[in-house]
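Since the structure comes first, as C-alpha cells, the remarks are kept for the end.
Every chain is numbered from 1 and lettered A, B, ... according to where its sequence line falls, protein lines coming before strand lines.
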Amino acid sequence: MYQSHLPVTTLREEPADAEVPSHALMARAGFLQKLVSGVYVYGPMLWRVIRRIETIVREEHDRAGCVEMLMPALQPMELWVESGRWDRYVQDGILFHFRDRKGSEMCLGPTHEEVVTDYARRMIQSWRQLPVTVYQIQTKFRDEIRPRFGLMRGREFLMKDAYSFDADEEGMRESYSRMREVYKNVFHRCGLRFTIVHADSGSIGGSTSEEFMVDAVTGEDAIAVCEETGYSANVETARFRIPNPPPEVEERPMRREATPGAKSCEQLRELFPEVPLEQMVKTVLYHVTWPDREGLVAVLIRGDREVNEVKLANHLLALKVELADEDEIRRVTGAEPGFAGPIGLPEEVRVVADGSVQGVCGFLCGANVTDEHLLDVWFGRDLPEPEIADLGMVQEGDLTPDGKGVIRITRGIEVGHVFQLGTKYSDAMNAVYTSRNGHQRPLWMGCYGIGVSRIAAAAIEQNHDEHGMIWPLPIAPYAVHVVELKSGGKDPAEDLLASRIHDELEARGVDVLWDDRGNVSPGVKFKDADLIGIPLRIVVGRDAHEGKVEWSLRTDPRDKETIPWEEAVERAVAACREAGRLGAPRTPVPV
RNA sequence: CGGGGAGUACCUCAGUCUGGUAGAGGGGCGCCUUUGGGAGGCGCAGGUCGCAGGUUCGAAUCCUGUCUCCCCGACCA
C-alpha cells in the first residue's frame with residue numbers, strides 16, 4: 001500500500017473534544033472523524049484494524065463450531081413487546097425508534113435477543129438440531145445517555161453478538177463455558193491484557209454473567225480484584241466482607257440530641273467524637289420505579305459504607321432506583337434532608353437494610369426531625385429488626401467473600417460480556433423444541449457480546465506513548481511501515497530499494513505501508529510513523545545505495561539496527577508468521 | 001433528564017466585557033531553498049462569526065428564542 005494513496009491529513013494538535021488517549025490519537029492520525037455525538041466515520045486505517053479484529057473473532061468462533069449469520073438492524077416493535085423489553089428500553093431512552101410510512105413502530109437494534117429468538121423458534125424444531133450457536137458482526141444502535149471517549153462509547157458501534165441454544169440447563173452451561181474459552185482466545189490473540197469479572201446482567205437478563213475487562217486506567221468500569229484468591233468482580237455486583245466490625249457497647253436507653261446543621265456523618269463525628277462511623281446508621285431514601293408502580297424505599301447502611309444501586313434495584317426487582325429528591329424527603333420524614341432515620345417513617349416507605357448494619361448496636365441515626373439525631377438506638381428494642389440484604393458497595397481493602405484475601409479496586413474497559421440467559425426469552429416468546437421423548441421444551445439460551453470497535457480503542461488505551469499509538473502486531477493496520485526518507489525521484493537508489501522491499505513483502509503475504517510521499521520532510525515522516533504506530537519499521541535512508549536499511553520496533557524506538565534489506569524482509573516475514581497474520585501473497589498491479 | 005461550559009477558516013484558538021474594515025498559529029496550494037526527527041523565505045486560497053428574530057445609523061460583540069457540541073451524575077459492547 002502506498003501511503004500517498006491515503007486521503008489523510010494528520011493533525012499536530014489534539015482535537016478539543018478528545019478526553020482519552022485513544023480518541024485523541026485516532027483523531028490526530030485521521031483514523032476517525034466525528035459526524036455527530038457518538039457517531040464516527042471510520043477512516044481507512046481504522047477500518048483495517050477493525051477487519052483484523054473481525055478476522056480473529058471469526059476464526060475463533062468458527063473453530064469452536066459457531067455459525068455466522070446476519071440479522072437486520074431494523075426491527076419491528078412487536079418482537080420487543082413480546083419479550084417484554086419495549087417499555088423498559090423506550091423508558092430508558094436508549095432505543096432509537098420511529099414509525100415507518102405505514103405508521104408501524106420500528107427500532108434500530110441495540111441488541112438481538114428478540115430477533116434471534118424469533119429466528120430460532122421457527123428454525124429449531126427438534127432436539128436433533130441442538131446444541132447450536134450462531135453469531136453475527138453487525139452495527140448496533142444505542143442512544144446512549146452520554147456518548148463519550150470516541151470509539152469507547154458510541155451510539156453506533158460494531159459488535160459481535162452470539163447466541164447459543166441448548167436442550168437443557170446443563171447444555172447451556174457447557175455452551176457458556178465453551179464461549180468463555182473462545183473469548184479468552186480472542187482477547188489474547190488481539191494482544192490485550194484483561195481480567196474476567198463477575199458481572200450484573202442488567203437489562204439483558206439471565207442468571208450468571210461475566211465481563212471481560214481490558215486493564216486500563218482510563219476504563220469506565222471499576223472492578224474489585226484480589227490477587228491472593230483470584231476473586232474478581234465488577235463493583236456493581238462484588239460481594240465482600242467488611243474488615244472492621246462495629247464496636248461492642250453496653251446497653252443504654254435511646255436518647256435524642258440536638259445536632260444543628262449536621263447533615264453528614266463527618267459533621268456528626270465532630271459533634272460526637274466518641275461515636276465512630278461504624279456505629280452510625282445512614283438512612284438513604286430512594287425513589288424506586290417498578291413495572292407497575294413507583295414508591296419510596298429507605299435503605300439503612302453503616303456510616304462508613306455506600307449503597308450499591310445496582311444491587312438495590314436487583315433486590316427490589318425494580319426497573320430503576322434513583323435518590324429521592326429533596327421534596328420527597330421532606331414529605332416522608334417531615335424534616336430537612338440530612339436528618340432521615342428509620343424510626344417513625346410512614347407506612348408507605350419500605351425499609352431495607354444492608355448487611356453492614358448487622359451487629360451494629362446502640363447506634364446513631366437521624367430522628368426525622370430537622371437538626372436532631374437519635375443515639376443509643378437498638379434494633380429489636382427501639383425499632384423492629386429490619387429486612388437485611390446485600391446492598392453495599394465494595395471498598396478498597398474489604399475482604400473477599402471467603403474472607404481469605406484483600407480486595408483492590410482497579411479500572412477496566414468492558415470489551416466482552418457473556419450471559420447465561422436460561423429460558424427468559426424462549427419462555428416469553430414461546431421458543432420451544434420437541435425433546436427426545438416428544439415433549440415441547442423451551443430452548444435454553446446464552447448470549448455473548450464483543451465490542452469490536454471498542455477493542456480498537458481499548459488496544460490504544462493499553463498501548464501508546466507520548467508520540468502515538470503502538471499497535472499489537474496481530475491487529476495493527478499494517479504489519480510493516482517502510483519509511484522512505486527521500487521519496488519521489490529525489491534519490492533513485494532509495495526509490496528503487498523501497499519499492500523493492502514493498503513488492504517483496506507483499507509477494508510474501510506481509511501487509512506493508514510504504515511512505516512514498518514526495519515533498520514531505522524526514523521529520524514529518526518519522527512523526528507520522530510514530531503517531532500511526534505500525535509495529536515493525538523499515539527506514540530506507542542514507543544507506544540505501546548499499547542495500548541497507550534501518551530496522552526497529554515501535555515498542556522500542558531507541559533500539560535501531562542497520563541491516564541488509566533482505567534480512568529486514570526475513571525478519572518481517574518471521575514476525576508476521578509468529579503473530580498469525582501472514583496473508584495471501586500479492587502480486588502488485590502496475591498503477 | 002439535572003448541573004456546568006463552549007459554538008469564529010480543515011485543526012487549535014484570540015477577538016465579545018467597552019458595538020465601528022474578520023484575526024493568529026498549524027494545515028493546504030504555488031515558487032525558491034532545505035532533506036535522518038513536525039526546516040526557512042515569499043506569495044495565494046479559505047469564514048452566511050451555529051441558526052432565527054430583535055435593539056441600533058451600524059452587531060461576531062447587546063437582548064430573546066432555538067439547535068448543536070463538550071464536561072460532571074444515572075446506561076453498557
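- A:Lys490 comes within contact range of at least one nucleobase, with a heavy-atom separation under 4.0 Å.
- A salt bridge links A:Lys184 to A:Glu181: at least one charged side-chain nitrogen sits closer than 4.0 Å to a carboxylate oxygen.
- Rounded to whole angstrom, the span from the CG atom of A:Asp92 across to the C1' atom of B:C76 amounts to 11 Å.
- What separates CZ of A:Arg558 from C1' of B:G36 is a distance of 18 Å, to the nearest Å.
- Remark: the A:Asp17 side chain and the B:C71 base include no donor-acceptor N/O pair separated by less than 3.5 Å.
- The two residues A:Thr218 and A:Phe149 have their closest heavy-atom pair at O-CE1, 4.5 Å.
- In this structure, A:Phe157 counts as stacked on the base of B:A77 under the 5.5 Å centre distance and 30° plane angle limits.
- Listed nucleotides B:C69, B:G36, B:G38 differ in distance to A:Val524; the shortest reach to its side chain belongs to B:G38.
- In this structure, A:Arg331 does not pair ionically with A:Asp327, as no charged nitrogen and carboxylate oxygen lie closer than 4.0 Å.
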Is there any protein nitrogen or oxygen under 3.5 Å from a nitrogen or oxygen in nucleotides 44-48 of chain B, and what are the pairs?
none

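- At whole-Å resolution of the value, NZ in A:Lys320 and P in B:C75 are 10 Å apart.
- Contact annotation for A:Glu144: base contact, defined as any heavy-atom pair under 4.0 Å involving a base atom.
- Rounded to an integer number of Å, the gap from A:Glu309 CD to B:C75 P is 8 Å.
- Within 4.0 Å of A:Ile145, counting heavy atoms only, lies at least one base atom of the nucleic acid.
- Along RNA chain B, the nucleotide closest to A:Asp221 and the one closest to A:Phe526 are compared, and the more 5′ of them pairs with A:Phe526.
- Residues A:Val415 and A:Arg537 both approach RNA chain B. Their nearest nucleotides, taken by heavy-atom distance, put A:Arg537 toward the 5′ side.
- The two residues A:Ser232 and A:Ile196 come nearest to each other via the heavy atoms OG-O, 2.5 Å.
- For the pair A:Leu32 CG and B:C11 P, the interatomic distance rounds to 14 Å; values are reported in whole Å.
- Among the atoms of the strands shown, base atoms are found under 4.0 Å from some heavy atom of A:Met152.
- No side-chain N or O of A:Glu550 forms a donor-acceptor pair with one of A:Ser552 less than 3.5 Å apart.
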Write down the protein N/O and nucleotide N/O pairs, taken from nucleotides 24-29 of chain B, whose separation is under 3.5 Å; answer none if there are no such pairs.
| unit_1 | atom_1 | unit_2 | atom_2 | d |
| --- | --- | --- | --- | --- |
| B:G25 | N2 | A:Glu13 | OE1 | 3.2 |
| B:G26 | O3' | A:Arg12 | NH2 | 3.2 |
| B:G27 | OP1 | A:Arg12 | NH2 | 2.8 |

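- Going from atom CG of A:Asp515 over to atom C1' of B:U35 covers 14 Å, rounded to whole Å.
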Can you check nucleotides 2-6 of chain B for protein contacts, nitrogen or oxygen pairs under 3.5 Å, and list what you find?
none

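- Proximity of A:Trp80 to A:Val90: side-chain heavy atoms (C-beta onward) are nowhere separated by under 4.5 Å.
- Rounded to whole Å, the distance from CD on A:Glu14 to C1' on B:G38 is 15 Å.
- Using a 4.0 Å heavy-atom distance criterion, A:Gly541 is classed as a base contact.
- Atom CZ in A:Arg153 sits roughly 9 Å away from atom P in B:C76 (whole-Å rounding).
- Between A:Lys525 and the phosphate of B:U35, there is no side-chain N or O to OP1/OP2 separation shorter than 4.0 Å.
- For A:His97 and A:Trp86, the ring centers sit closer than 6.0 Å to each other.
- Within 4.0 Å of A:Glu19, counting heavy atoms only, lie sugar-phosphate atoms of the nucleic acid but no base atom.
- Taking the six-membered ring wherever Trp is involved, the centroid distance between the rings of A:Phe526 and A:His467 does not fall below 6.0 Å.
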Derivation and outcome, side chain to side chain donor-acceptor pair (under 3.5 Å), residues A:Tyr425 and A:Arg85: CA-CA 10 Å; A:Tyr425 294 91; A:Arg85 290 206 294 182; 2.9 Å; yes
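- Taking the side chain of A:Asp528 as heavy atoms from C-beta on, and the options B:C76, B:G38, B:G36, the nearest nucleotide is B:G38.
- The pair A:Lys34-A:Asp17 counts as a salt bridge, with a side-chain nitrogen and a carboxylate oxygen less than 4.0 angstrom apart.
- Of the candidate nucleotides B:C13, B:C1, B:A77, B:C13 has the atom lying nearest to any side-chain atom of A:Ala16.
- Residue A:Ser521 has no polar side-chain atom (N or O) positioned under 4.0 Å from OP1 or OP2 of B:G38.
- The residue from A:Thr10, A:Asp528, A:Leu531 that alone fulfils the side chain to side chain contact (heavy atoms under 4.5 Å, CB included) condition with A:Arg28 is A:Leu531.
- Between A:Glu336 and A:Arg330 there is a salt bridge, since a side-chain N of the basic residue sits under 4.0 Å from a carboxylate O of the acidic one.
- Distance from the side chain of A:Pro15 is smallest to B:U12 among B:A74, B:U12, B:A77.
- Residue A:Gly518 is out of contact with every strand shown, counting any heavy-atom pair closer than 4.0 Å.
- Of the candidates A:Glu461, A:Met213, A:Gln462, A:Gln462 is the only one forming a side chain to side chain contact (heavy atoms under 4.5 Å, CB included) with A:Leu192.
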